[in-house]
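First the structure, in the form of structure tokens, and then the observations on it.
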Amino acid sequence: MEALNRQDPSLNDEGRFRLLVDAITDYAIYMLSPEGIITSWNTGAQRFKGYKPSEILGEHFSRFYSEEDRAAGIPERALTTAREQGRFEGEGWRQRKDGSRFWAHVIIDPIRRPSGELIGFAKITRDLTERRAAENAIRQSEEQFRRLVQGVSDYAIYMLDPDGNVSSWNFGAERIKGYRPDEIIGRHFSTFYTPEDRAAGVPQTALGIARAEGRFEREGWRVRKDGTRFWASIVIDAIRDDDGQVLGFAKITRDITEKMETQRALEQAREELFQSQKMEAIGQLTGGIAHDFNNLLMAVLGSLEILKKRMPQDLSLTSLVDNAMQGAQRGAALTQRMLAFSRRQELHMEPIDVSGLVRGMMDMLSRSLGPLTRIETSFPIRLPTILTDPNQLEMAILNLVVNARDAMPSGGRILLRAAEESVPPGKGPLPSGRYVRIAVIDDGEGMDAKTMEQAITPFFTTKGVGKGTGLGLSMVQGLASQSGGRLMLKSRLGEGTTAELWFPVVTLEQAAEVTADPAQRAENTPRGLRIVAVDDDGLVLMNTTLMLEDLGHTVFEAMAGPEALEIMRKQPVDLVICDHAMPRMTGAELAEVIREEWPEMPIILATGYAELPEGTRIANLPRLGKPFSQAQLADAISRVAS
């Protein structure tokens, strides 16, 4: 350098330049001889390399390199590159005096005379350790984030370019949608939408909202590679640069099909509970109405029957009484349907062979259908025994067959089928066990979902005014439920309807227990009995008294249980006939007291309900269904007063 100063006429400028270079502390700026010997050393070099000028001047610059780099000849190659190409620039690890390393950015420029002769090198080194650490941290963070996104399997996370083409694809996207990265990257994201959504422009609308509002969030059906659909939760976020220009979109999709199905099942369970509660309330109301109506019909029918026996044999008068009795009997049939729906009617349970019962009904069913409709059966020769009321079952099957006929105004085929079925635990609405399934199948108009929901609701009918009471299916459901089974409907609009009655199979022991009848009917109906008649309804009580007296019995009237007990403690009594649904003391409670004081006293409960308390001594008392005729009353007396 001193040789250069002697040859350079501008020594003062050089001195100022040396002062400037020496004042720089962020860069190591020093000179090398053509052989790489250090000939100058500024303050910046001393600061981050640790050597004082006296310690480093005259040393070879390769001492700043690691042993591996020196062994590989890297310092020599750097000087050769600078000499031959006019400049060397690179980055790498360098060593300080204390042995610690730092990441250096190095520039080596050759210094030549005007003649081109190389007289040395200018070397500038900058410590970039902190910057490199920051860059590595950023790079590591980006790599961790990339691995995190790539490793997520429950969410499809991927990028879209501004036009909506897929530009990245994580493992979750591949798992949920079925495409490998090489199959989907570059394709438009509308590939995942249903054909109807693509036709409606839903993908473009989604990007438009995300671009305008910064975010789009929605749920809907999406399509996998194999064509199957899944219910997806979608979020699209717009990605912008510093100037607000859209660089692309981040898209997250989650398959929530299972969640949706669970929610749907929960809503269905809630709806079924609501329907059950509603039907229970309607059943209680219907049962109460039917009970009161039965009492009215009891008075009407009984009075008409006595009137018919006592009035003159005038045809014009007799026909009027017959019409009145027929109307009252129709009303009684209606109340039986109402009680069947509310599951409070008195069922006469018997073991039933369904195949035999249906074969015996075929003539009646064929006559009921008319010429346009034919009925076919598919029954095994024998089926397991079920336990229900045979008359009510016949009415239920007839009702279902007539409904099937009415669903085919132009005629058609009705298939009546039965089979044994097994219900495993936890499957379906029925308890596990063996069942007999009776199905009535038609090819008629069918029902939509809304009609299906209301089909069993009391008084709902699609047959028009005057063509149905709307209690048919309610009665069928009541019979099946009271017998331990269920009515099930399957239908689609325009595709017909299948109505299924499920009844549990009973064992021979159960059937024998039901059919056992300890009370044997006497050959002759006894006459001249002293009977206590108990009913809180004055009209019914008067009517019952008239019929009993007409049969030749002596009657003591009581309108409440305590009153009846008082009579029995004062008068000799042969028989008690009492209503069940009475205030303060029910007929069952009255029977309990009578059993305590008069254990052998015959008792008949007059009721339309099948709701006697279980586990009591009077649970199997003979019952007389309301409204009853004089003949039915006489038959009941003959069975108990032997």
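On a predicted model such as this, the values are computed, not experimentally measured, just so you know. Below, all heavy atoms of this structure are taken into account, side chains as well, without hydrogens, waters or symmetry copies.
Closest approach of Ala404 and Val440 over heavy atoms only: CB-CG1, 4.2 Å. Pairing each heavy atom of Ser190 with each of Pro203, the nearest pair is CB-CG, 3.6 Å. Closest approach of Pro162 to Val246, counting heavy atoms only: CG-O, 3.7 Å. When all heavy atoms of Gly178 and Lys225 are compared, the pair lying nearest together is O-CD, 3.3 Å. Closest approach of Ala45 and Tyr30 over heavy atoms only: CB-CD2, 4.3 Å. When every heavy atom of Pro34 is checked against every heavy atom of Leu118, the shortest pair comes out as CG-O, 3.9 Å.
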- For Tyr155 and Val235, run side-chain contact (heavy atoms from CB on, under 4.5 Å): C-alpha distance rounded to whole Å, both residues' side-chain angles, the deciding distance at 0.1 Å, then the answer. CA-CA 11 Å; Tyr155 291 81; Val235 177; over 6 Å; no
- Verify side-chain contact (heavy atoms from CB on, under 4.5 Å) between Tyr435 and Glu500, making sure each step is shown before the conclusion. CA-CA 12 Å; Tyr435 290 84; Glu500 297 179 346; over 6 Å; no
- Taking it one step at a time, do Lys97 and Lys49 satisfy side-chain contact (heavy atoms from CB on, under 4.5 Å)? CA-CA 6 Å; Lys97 177 184 176 182; Lys49 294 201 178 189; over 6 Å; no
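Pro195 pairs by the side-chain contact (heavy atoms from CB on, under 4.5 Å) definition with Arg198, Arg229, not counting sequence neighbours. For Phe88, there are no ring pair (Phe, Tyr, Trp, His ring centres under 6.0 Å) partners, not counting sequence neighbours.
For the pair Arg417 and Phe379, the cation does not sit on the ring face, since its NZ or CZ is not both under 6.0 Å from the ring centre and inside 45° of the axis.
Within the 4.5 Å cutoff, the side chain of Leu501 has heavy atoms near those of the Leu400 side chain. Using a 4.5 Å heavy-atom threshold, the side chains of Lys259 and Ser233 count as separate. Counting only heavy atoms from C-beta outward, the side chains of Arg222 and Tyr193 approach each other to under 4.5 Å. Side-chain contact between Lys177 and Tyr179: present, with at least one pair of heavy atoms (C-beta onward) separated by less than 4.5 Å. Considering only heavy atoms from C-beta on, Phe64 comes within 4.5 Å of Ile38 through its side chain. Residues Leu79 and Phe61 form a side-chain contact, since some pair of their non-hydrogen atoms from C-beta on lies under 4.5 Å apart.
Side-chain atoms of Thr253 do not come within 3.5 Å of backbone N or O of Ile234 as any donor-acceptor pair. Asp197 places no side-chain N or O within donor-acceptor distance of the main-chain N or O of Val202, the cut-off being under 3.5 Å.
Taking a cutoff of 4.0 Å between a charged side-chain nitrogen and a carboxylate oxygen, Glu55 and Lys52 do not qualify as a salt bridge. Arg132 has no carboxylate O lying under 4.0 Å from a charged side-chain N of Glu91, or vice versa, which leaves the two without a salt bridge.
For the 3.5 Å distance criterion, the side chains of Glu117 and Ser115 fail to qualify, holding no donor opposite an acceptor. Side-chain contact of Gln46 with Trp41: a donor-acceptor pair under 3.5 Å is absent, judged by distance alone. Under the 3.5 Å distance criterion, with hydrogens and angles disregarded, a donor-acceptor pair is assigned to the side chains of Trp231 and Glu219.
Each of Arg47, Arg96, His105 was compared with Asp127 under the side chain to side chain donor-acceptor pair (under 3.5 Å) criterion, and only Arg96 meets it.
With rounding to the nearest 0.5 Å, the separation of CH2 in Trp93 from CH2 in Trp103 is 6.5 Å.
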